[in-house]
Amino acid sequence: VEAVPEVEAIKFSTYAQIDAVMATRVVATPYFIYSNTSALNLEHLAAHVANPANFCGMHFFNPVSQMGAVEIPAIDSTSAETVSTAIAIVNALGKLPIPCTNYPGFIVNAILGASLSMAANLMAMGVSPLAIDKAMLNFGMPMGPCTLMDYVGLDVVSSVAKTLNEAHGARLKVPSLDLVGLLVGQGHLGRKSGEGIYQWKDGKVVKDAKTRKPNLSVAYTLVTTSLEAGLSAAGKTPAKMADQALQELIVGAMQNEALRVLQAGVAAEPFIIDLAFVTCTGFTPALGGPLRYIDQIGV
């Protein structure tokens with residue numbers, strides 16, 4: 001199970017080392033290679049292993065110690081034994097295996113990516129991250145999308161966003177004023193660097209002593225000052241939206257993308273998509289998942 005950085009060249013080098021070591025065994029030993037990747041194309045990766053039939057993904061979620069499920073994306077060449085062994089490993093770790101097919105972002109990140117893309121576009125319109133996060137916390141999510149971006153790492157979010165944009169085009173576009181990309185370019189990556197959209201200390205968002213609201217970082221305040229100046233020059237003002245409007249946009253993006261994932265055959269049944277998303281993102285369990293929620297409110 002490899003969990004090296006999500007850079008194809010590093011993964012290719014790792015596979016070559018594994019295959020070289022296994023080739024030296026006196027008695028040939030069957031072995032599998034499972035790649036922990038959140039968005040890289042498994043077909044590209046499989047082309048660099050000695051035995052593609054014994055290769056598939058094993059996507060853990062962050063933070064691994066707390067997340068209860070693992071996606072197991074397979075490609076056409078993956079053998080049934082490879083998948084069943086992956087399921088057994090994940091079960092032995094006390095986690096829930098989620099089998100799926102190769103697809104940009106697989107199940108969870110494909111859907112989550114749509115909601116983060118919506119949040120990024122809302123920020124580019126001047127909507128405050130505090131308002132976006134508050135709306136989604138009120139919806140029942142355990143963490144707001146802007147806080148989540150910081151927590152995962154803005155560099156990781158930016159990389160996955162570009163992958164999804166290349167795969168799906170305009171519907172998952174990176175905003176023309178890419179505030180996340182600007183922060184990454186300045187070295188502000190969120191929790192791991194101490195500053196991103198918010199200020200972080202000891203792995204937690206720093207909050208104002210009086211209001212208990214999260215503190216926006218100095219870097220984010222500076223880039224939004226430039227944004228506001230640009231909006232003003234265009235005769236616009238930063239957007240302000242009610243909780244319900246923000247929820248409908250962000251949750252709606254999740255629901256639409258969940259339907260596309262279902263239509264693409266990424267999971268065998270709709271409930272697998274809902275189960276994966278509730279388990280891996282904390283989507284309000286009472287609503288049953290993005291597809292079940294569509295059933296409740298009406299198509």
Asker: For the rings on H44 and F12, is their centre-to-centre separation under 6.0 Å?
Answerer: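 Ring centres of F12 and H44 not closer than 6.0 Å.
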Asker: Are any side-chain N or O atoms of S115 and backbone N or O atoms of V251, one a donor and one an acceptor, separated by less than 3.5 Å?
Answerer: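 Such a contact is absent between S115 side chain and V251 backbone.
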Asker: Return yes when atom CD of E81 has more than 12 non-hydrogen atoms of other residues, nucleotides or ligands closer than 6.0 Å, and no otherwise.
Answerer: no
Asker: So, does S158 use its side chain to make a donor-acceptor pair with the main chain of L154 at under 3.5 Å?
Answerer: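 No, because the side chain of S158 does not come within donor-acceptor range (under 3.5 Å) of the backbone of L154.
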Asker: Could you go through the side-chain contact (heavy atoms from CB on, under 4.5 Å) check for E8 and L45 one step at a time?
Answerer: CA-CA 7 Å; E8 286 192 345; L45 300 183; 4.2 Å; yes
Asker: Grouping I, L, V, M, F, W and Y whenever their side-chain heavy atoms are under 4.5 Å apart, do I132 and M118 come out in a common cluster?
Answerer: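 Linked within one cluster.
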Asker: Just wondering, are more than 12 heavy atoms of other shown residues or ligands nearer than 6.0 Å to NZ in K162?
Answerer: no
Asker: Do Y151 and Y198 make the cut of ring centroids closer than 6.0 angstrom?
Answerer: no
Asker: Backbone N or O of E195 within a donor-acceptor pair of the S217 side chain at under 3.5 Å?
Answerer: no
Asker: So does G113 get a backbone contact from the side chain of N109, meaning a donor-acceptor N/O pair under 3.5 Å?
Answerer: no
Asker: So M136 and L246, side-chain contact (heavy atoms from CB on, under 4.5 Å) or not? Walk me through it.
Answerer: CA-CA 8 Å; M136 292 311 295; L246 292 170; over 6 Å; no
Asker: For E2, what residues pass the salt bridge (Lys or Arg N to Asp or Glu O under 4.0 Å) criterion, not counting sequence neighbours?
Answerer: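 Residues passing salt bridge (Lys or Arg N to Asp or Glu O under 4.0 Å) with E2: K11.
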Asker: Report the hydrophobic cluster partners of L222, with the cluster defined as I, L, V, M, F, W, Y residues connected by side-chain heavy atoms closer than 4.5 angstrom, directly or transitively.
Answerer: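 Answer for L222: V218.
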Asker: Taking the six-membered ring for Trp, are Y15 and F55 parallel (under 30°), tilted (30 to 60°) or perpendicular (over 60°)?
Answerer: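 Rings of Y15 and F55: perpendicular, over 60°.
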Asker: Can a donor-acceptor pair be found, under 3.5 Å and without considering hydrogens, that links the side chain of D133 to the backbone of T147?
Answerer: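 It does hold such a pair.
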Asker: Determine whether a donor-acceptor pair (N or O, by modelled atom type, separation under 3.5 Å) exists between the side chain of E71 and the backbone of V108.
Answerer: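 Confirmed, E71 side chain pairs with V108 backbone.
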Asker: Among V266, D274, T101, L112, find the residue that satisfies the side chain to side chain contact (heavy atoms under 4.5 Å, CB included) test when tested with I107.
Answerer: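 Result for side chain to side chain contact (heavy atoms under 4.5 Å, CB included) with I107: V266.
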Asker: Are I72 and Y34 side-chain neighbours, meaning at least one heavy-atom pair lies under 4.5 Å?
Answerer: no
Asker: Rounded to the nearest 0.5 Å, what separation is found between the CD atom of E6 and the CG atom of N36?
Answerer: 7.0 Å
Asker: Applying the side chain to side chain contact (heavy atoms under 4.5 Å, CB included) criterion to V160, which one of P104, S38, S117 satisfies it?
Answerer: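 Testing each of P104, S38, S117 against V160, the sole residue satisfying side chain to side chain contact (heavy atoms under 4.5 Å, CB included) is S38.
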Asker: Determine, using the 4.5 Å side-chain heavy-atom cutoff (strictly less than), whether F271 and V278 are members of one ILVMFWY cluster.
Answerer: yes
Asker: For T82 and A53, work out which heavy atoms get closest and say how close.
Answerer: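 That would be OG1-O, 2.7 Å.
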Asker: Would you say K173 has more than 12 foreign heavy atoms packed within less than 6.0 Å of its NZ?
Answerer: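 Not more than 12 within 6.0 Å, no.
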Asker: So S13 and Q17, side chain to side chain donor-acceptor pair (under 3.5 Å) or not? Walk me through it.
Answerer: CA-CA 6 Å; S13 173; Q17 292 176 61; 3.3 Å; yes
Asker: On a heavy-atom basis, which atom in A276 and which in I98 lie closest, and how many Å separate them?
Answerer: CB-CG2, 3.9 Å
Asker: How long is the gap from CD on Q199 to NZ on K207, to the nearest 0.5 Å?
Answerer: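 These two atoms lie 13.5 Å from each other.
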Asker: side-chain contact (heavy atoms from CB on, under 4.5 Å) for L189 and K192? Distances and angles first, verdict last.
Answerer: CA-CA 6 Å; L189 310 180; K192 57 189 170 186; 4.0 Å; yes
Asker: Report yes if some heavy atom in the side chain of Y293 is under 4.5 Å from a heavy atom in the side chain of M254; otherwise report no.
Answerer: no
Asker: Test side-chain contact (heavy atoms from CB on, under 4.5 Å) on L287 and R292; report intermediate values, then the result.
Answerer: CA-CA 7 Å; L287 299 177; R292 180 71 185 117; over 6 Å; no
Asker: N165 side chain to A161 main-chain N or O, any donor-acceptor pair under 3.5 Å?
Answerer: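 Not at all, since once roles are kept as given, no pair shorter than 3.5 Å links the two residues.
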Asker: Can you tell me if K134 uses its side chain to pair, donor with acceptor, with the backbone of P129 under 3.5 Å?
Answerer: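 No, because the side chain of K134 does not come within donor-acceptor range (under 3.5 Å) of the backbone of P129.
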Asker: Kindly check if the number of other-residue, nucleotide or ligand heavy atoms within 6.0 Å of CG (D208) is above 12?
Answerer: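 Atom CG in D208 is packed in, count exceeds 12.
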Asker: Between the main-chain N or O of K213 and the side-chain N or O of T211, is there a donor-acceptor pair closer than 3.5 Å?
Answerer: yes
Asker: Using atom types as modelled and distance alone, determine if a side-chain donor or acceptor of T279 lies under 3.5 Å from a backbone N or O of G68.
Answerer: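 Here the side-chain-to-backbone pair does not exist.
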Asker: Apply the side-chain hydrogen bond (donor to acceptor under 3.5 Å, both in side chains) test between Y31 and each candidate in D19, N51, N54; give the one that qualifies.
Answerer: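 Going through D19, N51, N54 one by one, the side-chain hydrogen bond (donor to acceptor under 3.5 Å, both in side chains) with Y31 is satisfied by D19 alone.
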